[in-house]
Amino acid sequence: FISLGHNVFEKKPFLQYAVQIYKKIKKDSALLFSACSHLLHNQELMASLAESGFDAVLTDPFLPCGPIVALYLELPAVFFSNALPCGLDLQGTHCPSPPSYVPRVLSLNSDHMTFLQRVKNMLILASEGFLCNMVYSPY
């Protein structure tokens, strides 16, 4: 995650930056999926959690491992986050988010965009479905 933060400040062509982000997200999501898989297959730890008598699982909805653990333990999942991944919060609330003046998270644009920044914003919006599928399909 640190390298992702450093890469934000590098001036690269947009396509090169997008490919770099894609590779980084793919690598990080594989790592997080592996960690979740190891947690769920650790029978001793999962049995210990089941016996602990928890009332709920507090989790961030960005990664689905928390809700999966909650489902396994038959506990309610309580989410804490300022936004759901993949724009699910916007879809769920039917909140308008026109890309013509609402910048996407990875765009680094302000709400006052030039034409090329709006095009970039649209390209990021178009790629979000692909990236979300890449990150969440293993779960």
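The structure presented is a predicted model; accordingly, all values stated were derived computationally and were not measured.
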Check: Where do D111 and V102 land on the side chain to side chain contact (heavy atoms under 4.5 Å, CB included) test, with the steps shown first?
Finding: CA-CA 6 Å; D111 60 338; V102 177; over 6 Å; no
Notebook entry, point to check: Judged by atom type as modelled, is there a donor-acceptor pair below 3.5 Å linking the side chain of S37 to the main-chain atoms of F33?
Noted result: no
Note to self: Quick check: closest heavy atoms across A77 and T59, and the distance to 0.1 Å?
What the structure shows: CB-CG2, 4.3 Å
Note to self: With a 4.5 Å cut-off on side-chain heavy atoms, are N109 and R104 touching?
What the structure shows: no
Checklist line | Single-linkage hydrophobic cluster L125~V135, side-chain heavy atoms < 4.5 angstrom | finding: no
Notebook entry, point to check: Transitively linked via ILVMFWY side-chain contacts under 4.5 Å: L71 with I68?
Noted result: no
Margin query: Do V78 and V57 make a side-chain contact, defined as non-hydrogen atoms from C-beta onward lying under 4.5 Å apart?
Written below: no
Next item on the list: Taking the side chain as every heavy atom from C-beta outward, state whether S127 and Y22 have any atom pair closer than 4.5 Å.
Entry: no
Next item on the list: Flag yes if L40 and Y136 sit in one hydrophobic cluster, no otherwise; membership is Ile, Leu, Val, Met, Phe, Trp, Tyr, and two members link when side-chain heavy atoms are under 4.5 Å apart.
Entry: yes
Next item on the list: Please round to the nearest 0.5 Å and tell me the distance separating atom OG of S100 and atom CE of M113.
Entry: 6.5 Å
Notebook entry, point to check: Does L123 reach the side chain of K120, with side-chain heavy atoms less than 4.5 Å apart?
Noted result: no
Notebook entry, point to check: In Å, rounded to the nearest 0.5 Å, how long is the span from CD of Q20 to CG of L15?
Noted result: 12.0 Å
Next item on the list: Report the distance from atom OG of S34 to atom CG of L39, rounding to the nearest 0.5 Å.
Entry: 11.0 Å
Next item on the list: Measure the spacing between CG of N42 and OG of S48 and express it to the nearest 0.5 Å.
Entry: 9.5 Å
Next item on the list: Evaluate side chain to side chain contact (heavy atoms under 4.5 Å, CB included) for L32 paired with C65, printing each intermediate quantity in order.
Entry: CA-CA 9 Å; L32 294 169; C65 196; over 6 Å; no
Checklist line | Minimum side-chain heavy-atom gap F54-L49 below 4.5 Å | finding: yes
Item checked: Test log, rule side chain to side chain contact (heavy atoms under 4.5 Å, CB included), inputs D55 and L75 -> CA-CA 7 Å; D55 295 323; L75 294 172; 5.8 Å; no
Notebook entry, point to check: What's the verdict on side chain to side chain contact (heavy atoms under 4.5 Å, CB included) for M122 and V119, showing C-alpha distance, side-chain angles and the deciding distance?
Noted result: CA-CA 5 Å; M122 285 297 298; V119 170; 5.7 Å; no
Notebook entry, point to check: How many angstroms lie between atom CD1 of I124 and atom CD of Q117, to the nearest 0.5 angstrom?
Noted result: 10.5 Å
Item checked: pair L58-F80: side-chain heavy atoms closer than 4.5 Å -> yes
Note to self: Let me confirm one number: the OG1-CZ distance from T114 to R118, rounded to the nearest 0.5 Å.
What the structure shows: 8.0 Å
